[in-house]
Amino acid sequence: MSLAFIDLAAQQRRIRPAVDAAIAKVLAHGGYVMGPEVREFEAALAAFCGEGSKGLSCANGTDALVLPLMAWGVGPGDAVFCPSFTFAATPEIVPWIDATPVFVDIDPVTFCMDPAALEAAIATVKAKGRFAPKVVIAVDLFGQPADYPAIRAICDAHGLKLISDSAQGFGCTLNGKHPIHWADAVTTSFFPAKPLGAYGDGGAVLTKSDEDWQLMDSYRVHGKAVALDAASHHFDHDPKYLNVRVGLNSRLDTIQAAILLEKLKIFPEEIAMRDAVAARYFDGLNGRILAAPKVIEGGTSVWAQYVIEHENRDGLAADLKSQGIPTAVYYPVPMHKQEPYERFPQPNGLPVTEAKAETVLALPMHPYLEPADQDRIIAAICGFNG
Ligand SMILES: *Cc1c(COP(=O)(O)O)cnc(C)c1O
């Protein structure tokens, strides 16, 4: 029997009646766009992260990354530092606004941005003088927090803004705190397979700045006038039709917000279930394969992926597939090696990123993975000799 890589149906069986009722409620009130559930969900999301944060929902986790850059006026001549070992969305939004992504290598143990490599990349960019360092995007890759205390200190030393791309890591903590403790903006995605996923696309930004929230609220709805525009603009018609900046159409559907409100209720419990699955993998695999993943000291992961490393990665994947065990490779081609991105700066090279792309293999991972199925996966991996 084939196992699921991510079993979304198991979760749905558990919450289906509540989801059906939530959707029915939206159909009854008819506020499909920016309905009451959207505001309710934004507030619930902010309450989850704490730190006085405010939530702003949008259409997907990619738009969530560009909204703070737009609010901060990042543009031509500006450098945005980000990892290359990440999903395409992280660097993709930088050229959208005519800024330049600068690729930074990762830590070999956590797969997240290496603070020393960041420091070196900033020094190189400053020395060359072609681009002005403006923003760092750290990625909570595979679910665990980046090294925020170190990265925040570097950002402060150089006057840079910090975005936490927590599309995979939303719900992770470091020293008991969510990434919003350190980041100027935390972004996430509600793509169905993410740890907190909707039944369609969705995304959100968290911020502690009321001004940033207002600006992003403007940018997500075609640059509409918001309260902070009132002083400098006079209008006696609907401010919705006063477009004071060039924005986007990037809203979270009310139906998705209603579904996410139900999913957020069980999210803390699901994080604990994911952690138990990860611990079981670790006990079964560590020392018997190249390396089982480790989380940064003081950190917790939401385990969007459980990624092992093996010298014969492709051989292992084929062997597991023949036994009905699906795997995936994140990421086979790092972003700085992708054709449209080759032209962007990669100061000091990315040797760790390039080596990891050859060895990483993601195993089935979701809160509802049964111990018996997991034992089968562990036995198959330990029995592989190739
Ligand atoms: C999924 C993901 C995104 C983008 O999310 P979408 O909702 O698919 O646009 C951004 N960054 C990372 C690291 C992701 O994994």
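Ligands are counted one by one from 1 in listed order, and the atoms in each one are counted from 1 as well. All values derive from a computational prediction rather than experimental measurement. These numbers come from the heavy atoms of this one structure, side chains and all, not from hydrogens, waters or symmetry mates.
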Could you tell me whether [X] and [Y] have a side-chain N and a carboxylate O separated by less than 4.0 Å?
X	Y	result
Lys337	Glu354	yes
Lys263	Glu269	no
Lys356	Glu309	yes
Arg245	Asp229	yes
Asp210	Lys54	yes

Can you confirm, on distance only, whether ligand 1 has an N/O atom lying under 3.5 Å from any N/O atom belonging to Gly61?
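Yes; the residue has a nitrogen or oxygen that sits under 3.5 Å from a nitrogen or oxygen of the ligand.
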
Does any N or O atom in Ser189 lie less than 3.5 angstrom from one in ligand 1, N or O only?
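Ser189 vs ligand 1: N/O contact under 3.5 Å present.
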
May I ask you to identify the nearest protein heavy atom to [atom], giving residue, atom name and distance to one decimal place in Å?
atom	answer
atom 9 (O) of ligand 1	Thr62 OG1, 2.5 Å
atom 14 (C) of ligand 1	Lys194 NZ, 3.0 Å
atom 11 (N) of ligand 1	Asp165 OD2, 2.8 Å

With heavy-atom distances below 4.0 Å as the criterion, list the atoms of ligand 1 near Ala89.
3 (C), 4 (C), 10 (C)

Under-4.0 Å heavy-atom contact with ligand 1, by part of Thr86 that carries it:
side chain

Specify side chain, backbone, both or neither for Asn60, according to which of its non-hydrogen atoms lie closer than 4.0 Å to ligand 1.
both

Report yes or no: do Ile122 and Val80 belong to one cluster of Ile/Leu/Val/Met/Phe/Trp/Tyr joined by side chain heavy-atom distances under 4.5 Å?
no

